[in-house]
Amino acid sequence: MRRFFKFTGFSLFVSLIAALGGLLFGFNTSIVSGALLFLAKDFNLTTIQQEVVVSSLLIGALVGAFVGGFIADQFGRKQSLILTAVLFLMGSFLLAAAPDFDILLVGRVILGFAIGVASMAVPLYIAEMSHKDSRGGLVSLNQLLITIGILLAYGVSYYYAERQDWRDMFKFGVLPAALQCIGLFFIPETPSWLISQGKHAAAEKVLRRMFGPSSREKLEQKETKNDTPSRKHWKELLKPSVRKPLLVGIGVSVIQQVTGINTVIYYAPQIFQSAGYSTAQEALLATLIVGTVNVAMTFVALWLIDKLGRRPLMISGLIGMAASLAVLGTSFFSNGYNVGSAALGGLVIYVAFFALSLGPCAWLIISEIYPQGIRGRAMGIATFANWLCNYIVSLTFLTLLETFGAGETFWLYTLICLLGLWFVYKMVPETKGKTLGDIQKFWRK
Ligand code: BGC
């Protein structure tokens, strides 16, 4: 199998089990927009309380991202995944059964925490379990499942909206969480982490399952051993050979968010309504189209990411995102009767380019560029930056729209895309086809 697909059935299986964390990430961040309307009615929520319900998840994610790196380095990648799966299960039950606003908040913070940890632990786990030639595609299964989770949330909201049943919407999240809890019994700890703990025999056993008893296995094994001498301290993060990758990882994480993807993912119906889609149903249908394109183009990214490489995808993606945002921004100035179709076209193309580039590449790059021993903590810092920017963008978008108007706001995001393009072009190295050890050697040089 490896000869044709460059990965074994085993690598695919463990990656899919881990990537269920991505599905839960996507589903739980998006389901609230569908549930909120009915929830607010049932619990008589004020506007501020509604905002708290939405943002509590992001606060939980910030904390999760911050401590997740430490948990992954200290207790292992698999243990981190087990922790998140159990929390996803608990959080979904709490939300579905919440008798009042307070319990609802507890559920949201727990889910947010799980999302924060999972968003770094899933790519980290898969990167350390895959072969260099298929790492891009396998790690990006995480992004594929995030987009499927988002689409699932749109679909579930649409389905239960008629019955106004917000509890059933949340209950849906129990299913993938339970599946992951079971699946995690069957996957091993990563060889890199085992070696960092001095457990060489256990690591070799996993490597044999990953690559079979071939010479390639020995090569990979040697590289892993050479590059994972011991567990390292926080102050390692300040060493010159780590400072640069740290900056690159924070940079791509920030760019992934400040180029505005979640203005679309979280607020698409509002954007479509301000572009002239008069009924909620029309706006929701347009949103479903955006979600479907997001999934479809992520498939294309999975196919290309190990062939073309990360840099070409990110560079062309950022150019496409900037161009489509410029069209979108301009369409809002024109005031003609075609604003609606231009908005849909602009958003669909923008999301397509994001799905092809920054969506998968940002999570992939941060799972590849850090030295073993502090990889979890360094990823945690980049992930924290990602969630912080996500929070700032989602908090300011509606205010920007109201203060400056849609046209100006999308032009602002166009400029940010161009800045992002400059950063990627100048700073981000190509990691395609390199082992994690090769990448570490590159930074040391
Ligand atoms: C981002 C999320 C975003 C999603 C959209 C992920 O890579 O981290 O913030 O909502 O992609 O597909």
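Note that ligands are numbered from 1 as they come in the structure, with each ligand's atoms numbered from 1 the same way. Computed over heavy atoms, backbone and side chain alike; hydrogens, waters and symmetry mates excluded.
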Q: Consider every N or O of Thr147 and every N or O of ligand 1, then say whether any pair is closer than 3.5 Å.
A: no
Q | Check: Asn262 N/O within less than 3.5 Å of ligand 1 N/O | A | yes
Q: Write out the residue and atom name of the closest protein heavy atom to atom 1 (C) of ligand 1, then the distance separating them to 0.1 Å.
A: Gln256 OE1, 3.6 Å
**Q.** Enclosure of Tyr158 OH (heavy-atom neighbours >12, cutoff 6.0 Å)
**A.** no
Q) Do any pairs count as a ring-ring contact (aromatic ring centres under 6.0 Å, His included) and have a residue in residues 384-404, sequence neighbours left out, and if so which ones? A) Phe25-Trp387, Phe66-Phe384, Tyr267-Phe397
Q. Among side-chain atoms of Thr8 and Ser11, is any donor-acceptor pair under 3.5 angstrom?
A. yes
Q | Check: Trp363/Asn142 side-chain N/O donor and acceptor closer than 3.5 Å | A | no
Q. Going by an N to O cut-off under 4.0 Å, is there a salt bridge joining Glu368 and Arg310?
A. yes
Q.
Heavy-atom pairs closer than 4.0 Å: do any link ligand 1 to the side chain of Thr29, the backbone, both, or neither?
A. neither
Q. Is it true that Phe332 and Trp411 have ring centroids separated by less than 6.0 Å?
A. no
Q: Please determine if Tyr266 has a nitrogen or oxygen closer than 3.5 Å to a nitrogen or oxygen of ligand 1.
A: no
Q.
For Ile150, which part has a heavy atom under 4.0 Å from ligand 1: side chain, backbone, both, or neither?
A. side chain
Q: Quick one: look up the protein heavy atom nearest atom 6 (C) of ligand 1 and list residue, atom name and how far away it is.
A: Gln143 OE1, 3.4 Å
Q. In the protein, what heavy atom is nearest to atom 12 (O) of ligand 1, and what distance, to one decimal place, separates them?
A. Asn294 ND2, 3.0 Å
Q: Check ligand 1 against Gln257 and write out every atom of the ligand that is under 4.0 Å from a heavy-atom position of the residue.
A: 1 (C), 2 (C), 8 (O), 9 (O)
Q) Just which atoms of ligand 1 are under 4.0 Å from any heavy atom in Asn390? A) 9 (O)
Q) Between Tyr125 and Lys78, is there a cation-pi geometry (under 6.0 Å to ring centre, at most 45° from the normal)? A) no
**Q.** Shortest non-hydrogen contact between Ala352 and Val293, atoms and distance
**A.** CB-CG1, 3.9 Å
Q: Measure Leu358 to ligand 1 on non-hydrogen atoms and call it side chain, backbone, both or neither using the 4.0 Å cut-off.
A: neither
Q. Should you measure from each heavy atom of Trp363, which atoms of ligand 1 turn up under 4.0 Å away?
A. 6 (C), 7 (O), 8 (O)
